[in-house]
**Q** 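Have a look at this one before I ask anything.
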Amino acid sequence: MEILLIITKVILVCMFAFSAAIKFLRKPMMVQHWNEYRYPMWFMFVIATLEFTGVLGLLAAFWFQRMLIFAAVLFTILMIGAIHAHLFRAKHSPLMAINAVIMLLLSITLIII
């Protein structure tokens with residue numbers, strides 16, 4: 001069970017670190033998606049900051065186990081918002097939300113474990 005927990009944490013750290021980075025760097029693909037979501041650009045910085053905060057929380061959870069639940073809940077909330085943005089705000093195909101669904105399920109796994 002411990003190995004599953006570590007693998008899940010590492011996957012989430014990598015995925016959210018990448019996601020935060022492309023938002024902070026305002027990569028054209030992310031800006032295009034953000035425009036499709038119809039959110040203001042400053043909100044992309046807020047979401048990137050929250051994602052990075054969650055990454056730091058998950059990294060801290062390797063030493064301070066209590067941080068795990070906070071980071072996992074934050075990621076769960078962010079992924080529910082991401083799924084909503086893809087499916088309802090941007091009206092993307094459900095395939096576009098698969099990454100968010102997977103990260104949501106991994107985040108919920110951390111809460112349950």
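Keep in mind that this is a model prediction, so the values were computed, not measured. Position 1 is the first residue of the sequence; numbering continues from there.
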**Q** May I ask you to test the M41-N35 pair for a side-chain heavy-atom distance under 4.5 Å?
**A**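 M41 reaches N35 side chain to side chain.
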
**Q** What side-chain donor-acceptor pairs closer than 3.5 Å can you find for residues 99-112, not counting sequence neighbours?
**A**
unit_1	atom_1	unit_2	atom_2	d
S107	OG	M103	O	2.8
T109	OG1	L105	O	2.7

**Q** Quick one: salt bridge (charged side-chain N to carboxylate O under 4.0 Å, His left out) pairs with a partner in residues 93-105, sequence neighbours left out?
**A**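 Found none.
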
**Q** So how far is it from I98 CD1 to H92 NE2, rounded to the nearest 0.5 Å?
**A**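 One gets 13.5 Å once the value is rounded to the nearest 0.5 Å.
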
**Q** Show which side-chain atoms of residues 59-70 pair as donor or acceptor with protein atoms under 3.5 Å away, not counting sequence neighbours.
**A**
none

**Q** May I ask you to test the L58-V55 pair for a side-chain heavy-atom distance under 4.5 Å?
**A** no

**Q** Starting at CZ of F45, measure out to CZ of F52 and round the result to the nearest 0.5 Å.
**A** 11.0 Å

**Q** Kindly write out the residues that satisfy side chain to side chain contact (heavy atoms under 4.5 Å, CB included) with P40, not counting sequence neighbours, or none if the list is empty.
**A** W42, F43

**Q** H84: which residues meet the side chain to side chain contact (heavy atoms under 4.5 Å, CB included) condition with it, sequence neighbours left out?
**A** Y39, F88, R89

**Q** Between M79 and V46, is there a shared hydrophobic cluster once you connect ILVMFWY residues whose side-chain heavy atoms come closer than 4.5 Å?
**A**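 Same cluster: M79 reaches V46 through Ile, Leu, Val, Met, Phe, Trp or Tyr contacts under 4.5 Å.
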
**Q** Applying side-chain contact (heavy atoms from CB on, under 4.5 Å), run through I77 and I80 and close with a yes or a no.
**A** CA-CA 5 Å; I77 293 167; I80 290 169; 5.7 Å; no

**Q** Using the salt bridge (charged side-chain N to carboxylate O under 4.0 Å, His left out) rule, collect all pairs that involve residues 103-113, keeping only residues at least two apart or in two chains.
**A** none

**Q** Side-chain contact test, heavy atoms from C-beta onward, threshold under 4.5 Å: evaluate it for Q32 versus M29 and give yes or no.
**A**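 In short, these two side chains do not touch, never coming nearer than 4.5 Å.
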
**Q** Distance from I47 atom CD1 to Y37 atom OH, nearest 0.5 Å?
**A**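 Nearest 0.5 Å value for the CD1-OH distance: 11.0 Å.
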
**Q** Could you list the donor-acceptor pairs under 3.5 angstrom formed between side-chain atoms of residues 1-23 and any protein atom two or more places apart in sequence or on another chain?
**A**
unit_1	atom_1	unit_2	atom_2	d
T8	OG1	L4	O	2.8
S19	OG	K23	NZ	2.6
S19	OG	E51	OE1	3.0
S19	OG	E51	OE2	3.1
K23	NZ	E51	OE1	3.4
K23	NZ	E51	OE2	3.2

**Q** Over all heavy atoms of both residues, which pair between A90 and R38 is shortest? Give the atoms and the distance, please.
**A**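 Here A90 and R38 meet closest at N-NH1, 4.5 Å.
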
**Q** Taking atom CE of M96 and atom CD1 of I83, what is their separation to the nearest 0.5 Å?
**A**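 Rounded to the nearest 0.5 Å, the CE-CD1 separation comes to 13.0 Å.
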
**Q** Please examine the side chains of F24 and M30, heavy atoms only from C-beta on, and report whether any two atoms are closer than 4.5 Å.
**A** no

